[in-house]
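Here the structure is a predicted model, which means the values were calculated and not measured. Computed over heavy atoms, backbone and side chain alike; hydrogens, waters and symmetry mates excluded. The sequence lines fix the lettering, A, B, ..., with proteins before strands; numbering per chain opens at 1.
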Amino acid sequence: MDLFTIVSIILIIITVITAIIAAEMKDLLSAAIALGIMSLIVSILFYMLQAPDVAITEAAIGAALSMAVVIFAIRSTERWEK
Amino acid sequence: MIRPVLLIALPLFFAFLSPIIGIWSKKGVRYLIIFATALNATLAGILLLEALQKPVFDIIGGFQPPLGIVLMVGPLGAIIAFIINLVAFAISIYNLKVEKEPIVRYSMLYLLLVMGSTGMVLTGDLFNLFVFLEVTSIASYGLAAYNKDKKGYLGAMKYVIIGSIGSTFVLLGIALIYSQLRTLNMLDIAARIGTMDPYVKIMAFTSLFLGFGVEAEMFPLNTWVPDAYDGAPHPISAAFASLPAKAGVFALARVIFTMFSFTNFLWFVVVMGLLTVFFGEIVAYTQKDLKRMLAYSSIGQMGMIIMGLGIGTTLAVEGAFYQMIAHALGKALLFIAAGFLIYAARSGKIEDMKGMARNPLIGIPLLIGALSIMGMPPFAGFYGKFFILMGGFSQGYYAIIALFLAASIVEVAYYARFIKIVFERGNESKVIRPDAATYVPLIILAIIIVVIGVYPKPILTVLQHVGTFIAGGA
Amino acid sequence: MDALTLFGIFVLLPLVGALVSYFGKKYAPIIAVIFTGISGIFLYLWYGNFGSYTIDIGVKLNLTFDITTWFFMLMMNTVIFSSLLFSVSSKLKRAGGFATLMLLGFAGANGVLLARDFLSLYLFWELMSWSIYLLVLRTSGEYARRYLLFGVLSAYLLIMGIGIIYYYTGSFLYADALSGAIPHAIWPWILTFLILGFGIKMAIVPFHVWAPYAYSSEQPFVAFLSGGLSKLGAFGIFMSMYSIAGISLLQSFGTFRGVSLMGYPFALLGAATAFIGTILAIFQDDIRKLLAYSSIGQLGYVMIGLGLGTPLAIGGAMFHAFNHAFFKSLLFLGAGAVIYRTGKYKISEMGGLGYRMPFTFMFVLFAIFALAGIPLTSGFISKWMLYEAAISRKFVIVAPLMLIASVGAYLYSYRILYGVFLGQLKDEDKNVKEAPGPMLAAMFILMVPLVIFSIVPGWILGWINKILVENGIGKLNYTTFSYSSAIGGANMAVFWIAFILLLIFAMLMFMAKKARVVDQYDNYLAGEAPPSVALHAAHNYYKPLRDTWAPLLKHSIDRAYEKFSKFFAGGFYEIKRIYTGNPQDYAAYLGIAFLAFLLVGWWLLW
Amino acid sequence: MKKALAIVLAILIFIVFALAFVKIPFGEKMSTYPHYYNPITNQTSNMSLPQHYLTYGKNDTGATNMVTAIVVDYRGFDTLGEVTVLFLASTGVGSLMYVENKVKKKVRRSNAVVETGSKLLFGFIILFGAYIFIHGHLTPGGGFPGGAVIASAFLLLYLAYPKFHAKHEKLSVSESIAGLTFVIVGLIGLIIAGYFLYNFLPFGLPTYLFSAGVIPLIYVAIGVKVGSELTAIVDSMMGVRE
């Protein structure tokens with residue numbers, strides 16, 4: 001197993017973990033941040049898979065903008081899931 | 001000579017133009033939308049005449065398929081596109097009744113909904129189909145919540161959840177197909193579908209079937225329908241039943257016939273169609289709210305269309321297409337009328353609408369629409385239903401047809417209840433006269449329903465080409 | 001004559017008339033009368049001008065104008081003409097809509113009669129069906145749905161029959177059904193579906209529950225519905241049994257005393273209908289309901305004739321259908337005239353109107369004679385033919401039921417006659433006037449054939465004979481004044497001579513004794529003014545009889561249907577729970593659906 | 001109970017998809033891919049579609065970045081659709097967040113570090129975004145990422161200056177004009193060559209900034225459009241502030 005495979009497996013595991021955190025967290029703000037982390041790692045994965053275009057887009061939109069939008073949405077409603 | 005791409009490019013042009021015009025005149029935008037849909041309907045009509053000669057292929061960007069994208073317009077696609085745009089034109093007149101701000105955005109979303117549905121019908125490229133599906137569904141999400149009340153938000157939320165799961169499945173299916181065949185052109189896929197790994201093929205088929213089933217309101221993927229239709233503004237409910245639903249079911253037909261010609265699978269499609277009819281009609285019977293009733297009835301009608309596609313004989317598929325046309329016209333009409341009735345009765349409950357349709361300008365079109373939906377001659381709905389039934393018999397689906405007829409009786413029961421209430425005497429003082437924005441589209445739609453019901457030859461001439469369609473052609 | 005002319009006169013012309021009369025507002029009935037008159041004139045002119053045609057409106061409509069069609073169209077046209085003529089003066093609300101719908105129904109009925117392929121049959125059948133629905137909706141909204149549901153049920157039963165034929169033959173033509181493609185064992189199914197489908201329009205038991213309510217609508221319409229449109233059921237059954245299937249095919253399923261086993265059960269059903277309809281009619285106090293049940297009962301006779309299937313029986317059925325068209329619409333119009341003038345429906349509230357409305361009384365009297373099958377009217381001949389048909393084959397169930405029903409018919413006829421027209425005039429009806437001219441004219445038009453065909457039954461038997469011969473059923477023995485059968489027959493000339501002699505005798509009797517006119521209050525109550533209700537004979541009419549039948553009347557088919565529909569509606573509310581409204585459930589449905597589709601996909605495609 | 005069912009469902013769906021996705025050839029030679037077939041001319045090509053893109057892409061479109069060549073030229077129509085989707089999203093959010101009676105929210109000022117930092121960075125981020133979309137046909141990137149980067153610059157401003165407010169009218173005019181540009185470029189292609197979105201400008205030399213015909217033009221339009229749309233979405237989500 002080469003380094004590439006090991007790194008990508010680790011990243012994929014982190015992705016899954018963050019995704020589960022994002023789904024399960026009662027604190028929506030933390031969930032949003034977990035989602036942002038997931039997007040960031042996914043963008044790294046894209047980069048590793050030689051898709052720099054997608055990586056840039058994912059980083060800008062997934063990690064920054066959509067997280068910001070979600071956080072704004074949380075701000076105008078409630079932070080805790082009932 | 002009309003290029004099909006104009007049907008997509010021109011609405012897009014007008015949609016992008018409308019914010020600029022909206023700065024000066026909000027009213028201007030509304031009339032611009034009416035103009036755009038009218039223009040589109042005209043172009044679609046001319047395109048239909050062309051496609052009757054031979055299928056029109058419009059190559060985008062000058063790249064031969066499957067390198068680039070190609071629009072593939074057969075007679076059937078052309079007539080569905082024509083009907084979609086025609087109904088869109090009628091509804092855009094009724095749009096003048098929508099007063100809630102921001103009206104410019106509303107108009108744009110509406111125009112793009114029309115454009116997306118047209119695109120879904122015209123395109124010959126699988127990924128392009130997905131793109132238009134997205135355009136259609138995102139426009140629908142926005143419009144479903146446009147009323148900005150609780151009902152609207154909840155309906156739109158359900159639509160978003162179910163719709164996006166559906167789109168995801170479509171995308172996965174496309175990915176699976178591309179991974180194996182390295183092509184996205186439908187005809188190319190169709191030509192080489194046999195070389196796919198059977199497991200992947202079935203997965204891809206199931207994903208696409210499910211994904212387009214959501215738009216086509218197939219059971220049990222249609223759970224968004226009642227809430228989204230109920231919460232949306234009245235013209236949008238009309239548009240939902242006529243535009244995205246028809247585009248979705250056409251895409252479903254493309255998946256079933258053009259790409260995967262799985263004849264073994266067809267009887268299951270019939271069963272799904274029957275279930276859709278059954279649940280749609282039965283639940284519609286229990287509804288007290290007019291728009292919800294019509295929404296469930298729409299499910300039932302879509303189920304009938306799916307059944308027709310599943311039966312798969314020429315006659316039945318002809319019937320399914322006829323039914324698509326009739327339902328697009330009839331349900332749009334009924335929803336517009338429902339909008340008026342709700343406005344007049346100041347309530348969505350059917351029982352509050354006593355005698356509200358006694359003005360002939362509303363009453364007669366309403367009656368025509370309801371009878372057409374029930375499948376009564378000489379209105380458009382008759383031939384569709386009859387052909388589907390006969391097609392079913394010719395394949396020997398006796399039990400299924402019998403159950404279907406039982407469900408149809410339920411349909412007649414609730415429509416009769418509705419008609420009885422809205423035509424009841426004794427509330428004459430409250431009956432109000434509709435204004436032109438309401439009755440003009442109603443009359444346009446009613447006249448078309450009657451004309452193609454009394455003289456179905458033009459439509460049937462187009463639908464003769466259904467044999468080619470089933471065989472996997474345009 | 002070419003296809004378009006035929007189609008144009010009998011289908012398109014009424015449709016155009018429907019459109020025109022909608023905008024005619026107050027004059028709509030007159031416009032409609034003119035339109036039906038035109039098609040009636042053409043019908044008269046084109047007798048013998050028979051042929052088959054095809055109209056291509058995208059689907060091919062095969063139309064045939066032959067003697068069967070002509071015979072039924074004759075009833076239809078006369079009945080609608082007089083009904084519309086009646087409606088000219090009956091001040092209906094929204095007369096435009098009324099005339100439009102009547103003409104739509106007429107167009108549909110003509111189409112059904114002309115159709116010789118199942119597509120056009122179904123098309124026109126549904127057209128007729130919903131226009132009646134809307135006509136019923138105009139007044140008895142509550143029950144219009146019931147009519148529509150049964151109408152649709154009838155259409156769907158037809159669809160089942162048509163579909164099975166289509167599965168085997170791949171064609172909609174009547175003529176192709178007998179090409180041998182359909183296995184012999186399938187025919188009973190087809191015929192059952194078709195006969196029940198058509199039978200619902202004739203309101204045969206147990207599908208009769210729509211009729212009493214539908215027949216309570218506006219009288220001119222009901223006259224057309226009962227007199228004209230219900231004959232389409234008879235026509236349809238005749239066509240499906242003797243034209244589409246054919247008598248030899250029917251006989252091949254075994255016979256019972258020379259009657260096909262395919263037809264005999266329907267004859268029994270007809271007998272049951274005649275019996276039940278008559279019994280229920282006896283107990284009605286509402287004149288419309290009484291006539292409605294009577295209509296059900298009379299059509300039961302037609303059903304019997306069609307079921308028995310001997311030339312005499314079918315001939316009798318046809319003749320009876322013809323008579324019923326006239327006498328029942330005449331009765332409905334007569335009732336309509338009475339209701340128009342008095343505004344009352346209950347027989348027990350009327351009485352003595354014969355003095356105030358003598359012409360109406362006379363017309364209704366003839367209709368009642370025909371209804372009860374009293375000699376001198378053509379109703380007697382048709383009933384007699386049916387009796388003979390049943391008796392000659394020794395049907396121990398059918399014939400007695402018919403006879404009982406016939407006695408019952410006397411009872412309820414007498415109720416109308418006495419309750420409405422004879423007896424003592426109510427105070428509030430003192431100023432009632434004779435019905436307006438158009439109404440009388442309409443009723444007169446309907447009365448004339450009843451009398452004429454009782455004198456010269458040969459004319460109509462000639463047409464019927466042609467129908468029978470054309471469909472290969474057999475032929476009737478008839479002359480201009482009589483017909484004869486294996487066990488008898490009837491000679492109307494003898495009857496008429498006897499009648500005239502009797503009439504002279506009765507007149508002599510009448511003149512011999514001086515009658516004294518007694519005032520209403522001059523009676524045994526010794527000057528005490530009694531409540532006028534209790535004095536009228538129609539008050540609690542047939543109460544003893546009713547008490548006798550009470551235990552049986554408790555079991556109503558009506559209520560059974562209600563229970564049935566309640567049960568189903570309850571189930572619907574259970575099914576509704578699938579749509580929970582919770583998006584999480586909905587997402588789960590999607591997942592389950594995906595896996596289910598996948599499993600089916602594996603199973604079917606791998 | 002419901003939760004367990006949901007988990008089981010998710011796992012099952014994951015498994016069936018995983019079983020399908022393992023069949024995707026990963027890292028195989030392109031020559032093993034199936035050859036494509038032109039349904040209009042009825043000819044089967046001698047190579048697969050990806051192979052064609054890589055071999056002839058530069059000649060067909062003039063773009064050195066093959067992703068761009070596919071996104072903007074070969075499948076430019078899809079991109080038009082995607083742009084529309086984004087447009088719809090922004091319009092939809094705009095119409096849903098539209099409030100007639102504007103209730104103004106109280107907000108706090110952010111601290112000096114953020115304010116200064118964002119002032120400094122704003123220009124650079126915009127420049128970077130512009131760079132990404134202008135060089136879309138040469139280097140990885142293009143209109144979508146570029147636009148997103150521009151929008152993130154504005155996001156920074158929103159975070160730093162609570163009172164900052166981009167004018168909706170201006171944003172929508174810029175997105176309209178960008179969108180119109182895209183459609184009009186397509187229509188010009190239709191008029192000149194008979195193909196919608198035809199690359200009608202000269203290709204120029206590969207690797208030069210002014211090359212690849214209309215691709216840079218379209219990418220600029222997309223960049224502006226995406227940038228303004230995302231900004232508009234952020235703006236709508238921020239609500240009206242005091």
Side-chain angles (χ1 to χ4, degrees), chain B residues 3 5-6 9 12-13 15-20 23 57-70 101-102 105-106 108-109 112 115-116 119 125 127-128 131-132 134-135 138-139 141-142 145-146 148 172 176 179-183 185 187-188 190-192 195 197 199-200 203-204, chain D residues 16-17 19-21 23-25 33-41 44 48-50 52-53 60 73-78 80-82 84-85 87-89 91-96 98-100 169 172-173 175-180 182-184 186-187 189-190 193-199:
Chain B
R3 305 303 294 271
V5 72
L6 287 177
L12 213 48
F13 179 82
F16 288 146
L17 192 65
S18 46
I20 301 178
I23 293 171
F57 287 90
D58 195 349
I59 296 162
I60 309 277
F63 300 102
Q64 283 292 318
L67 288 175
I69 292 164
V70 66
E101 286 294 319
R105 288 174 192 267
Y106 171 87
M108 283 172 351
L109 287 173
L112 290 173
M115 181 280 259
D125 189 280
F127 191 77
N128 202 233
V131 170
F132 282 120
E134 283 291 288
V135 171
I138 290 177
Y141 305 153
Y146 184 79
K148 295 193 271 293
L172 285 169
L176 286 172
S179 77
Q180 293 262 318
L181 296 179
R182 306 282 162 187
T183 185
N185 186 287
L187 292 179
D188 190 8
R192 294 191 279 130
T195 61
D197 180 275
Y199 179 77
V200 180
M203 281 295 292
Chain D
V16 291
F17 269 106
L19 285 175
F21 276 107
K23 305 219 168 146
I24 297 179
Y33 292 170
H35 297 170
Y36 70 80
Y37 153 83
N38 184 340
I40 296 181
T41 58
T44 306
S48 69
L49 204 59
H52 181 104
Y53 286 148
D60 280 358
D73 222 7
Y74 284 115
R75 306 194 65 82
F77 199 52
D78 280 349
L80 182 57
E82 298 294 355
T84 315
V85 168
F87 179 72
L88 276 169
T91 314
V93 170
S95 79
L96 294 190
Y98 183 91
V99 272
E100 265 155 290
E169 286 76 27
S172 63
V173 166
E175 53 182 297
S176 293
I177 290 174
L180 284 173
F182 200 159
V183 178
I184 288 170
L187 287 173
L190 186 66
Y195 300 114
F196 188 72
L197 283 174
Y198 184 74
N199 197 338

Is there a donor-acceptor pair closer than 3.5 Å between any side-chain N or O of [X] and the backbone N or O of [Y]?
X: Tyr141(B); Y: Gly92(D); value: no
X: Lys23(D); Y: Leu176(B); value: no
X: Arg105(B); Y: Leu96(D); value: no
X: Arg192(B); Y: His35(D); value: yes

Taking [options] one by one, which has the highest count of heavy-atom pairs under 4.5 Å against chain D?
options: Ala9(B), Pro102(B), Ala190(B), Ala15(B); answer: Pro102(B)
options: Leu67(B), Thr183(B), Leu12(B), Val131(B); answer: Leu67(B)
options: Leu181(B), Asp58(B), Asp125(B); answer: Asp125(B)
options: Val70(B), Ile23(B), Leu109(B); answer: Leu109(B)
options: Val5(B), Val200(B), Leu6(B); answer: Val5(B)
options: Pro66(B), Gly68(B), Ser179(B); answer: Pro66(B)

Checking heavy atoms, do the side chain of Ile184(D), its backbone, both or neither come under 4.5 Å from chain B?
->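 When you check distances to chain B, only side chain atoms of Ile184(D) fall under 4.5 Å.
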
Chain B contact via Leu180(D) - which portion, at a heavy-atom distance below 4.5 Å =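 For Leu180(D), heavy atoms of backbone and side chain both lie under 4.5 Å from chain B.
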
For a quick test of reading the model, state the closest non-hydrogen atom pair linking [X] to [Y] and the distance between them.
X: Asp60(D); Y: Phe63(B); result: CB-CE2, 3.8 Å
X: Pro34(D); Y: Gln180(B); result: CG-O, 3.5 Å
X: Ile40(D); Y: Pro65(B); result: CD1-CG, 3.6 Å

If we define contacts as heavy-atom pairs under 4.5 Å, which of [options] has the most with chain B?
options: Val85(D), Thr91(D), Leu190(D), Leu197(D); value: Thr91(D)
options: Val173(D), Thr44(D), Val93(D), Leu19(D); value: Leu19(D)
options: Gly194(D), Gly186(D), Ala178(D); value: Gly194(D)
options: Gly189(D), Ser172(D), Gly76(D), Gly94(D); value: Gly94(D)
options: Ser48(D), Ala89(D), Pro50(D), Ala193(D); value: Pro50(D)

Can the ring centroids of Phe77(D) and Phe132(B) be said to lie less than 6.0 angstrom from one another?
->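 When the ring centroids of Phe77(D) and Phe132(B) are compared, they turn out to be within the sub-6.0 Å range.
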
pair Arg3(B)-Phe196(D): side-chain heavy atoms closer than 4.5 Å |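 Arg3(B) does not reach Phe196(D) side chain to side chain.
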
With a 4.5 Å heavy-atom cut-off, do Phe127(B) and Arg75(D) have their side chains touching?
->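 Counting from C-beta outward, Phe127(B) and Arg75(D) do come under 4.5 Å.
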
Which region of Ile69(B), side chain (C-beta onward) or backbone (N, CA, C, O), has a non-hydrogen atom less than 4.5 Å from a non-hydrogen atom of chain D, or is it both or neither?
->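 Both the backbone and the side chain of Ile69(B) come within 4.5 Å of chain D.
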
Checking heavy atoms, do the side chain of Asn128(B), its backbone, both or neither come under 4.5 Å from chain D?
->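 Looking at Asn128(B), backbone and side chain both touch chain D.
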
In chain order, what residues pass the ring pair (Phe, Tyr, Trp, His ring centres under 6.0 Å) check against Tyr53(D), with sequence neighbours excluded?
->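 Scan of Tyr53(D) (ring pair (Phe, Tyr, Trp, His ring centres under 6.0 Å), adjacent residues dropped) gives Tyr74(D).
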
Step by step, work out the ring-ring contact (aromatic ring centres under 6.0 Å, His included) result for Phe16(B) and Phe87(D).
-> CA-CA 9 Å; Phe16(B) 288 146; Phe87(D) 179 72; 4.8 Å; yes

Side chain to side chain contact (heavy atoms under 4.5 Å, CB included) assessment of Asn185(B) paired with Tyr36(D) | CA-CA 10 Å; Asn185(B) 186 287; Tyr36(D) 70 80; over 6 Å; no

Stepwise side chain to side chain contact (heavy atoms under 4.5 Å, CB included) check, Ser95(D) with Tyr146(B) = CA-CA 7 Å; Ser95(D) 79; Tyr146(B) 184 79; 4.1 Å; yes

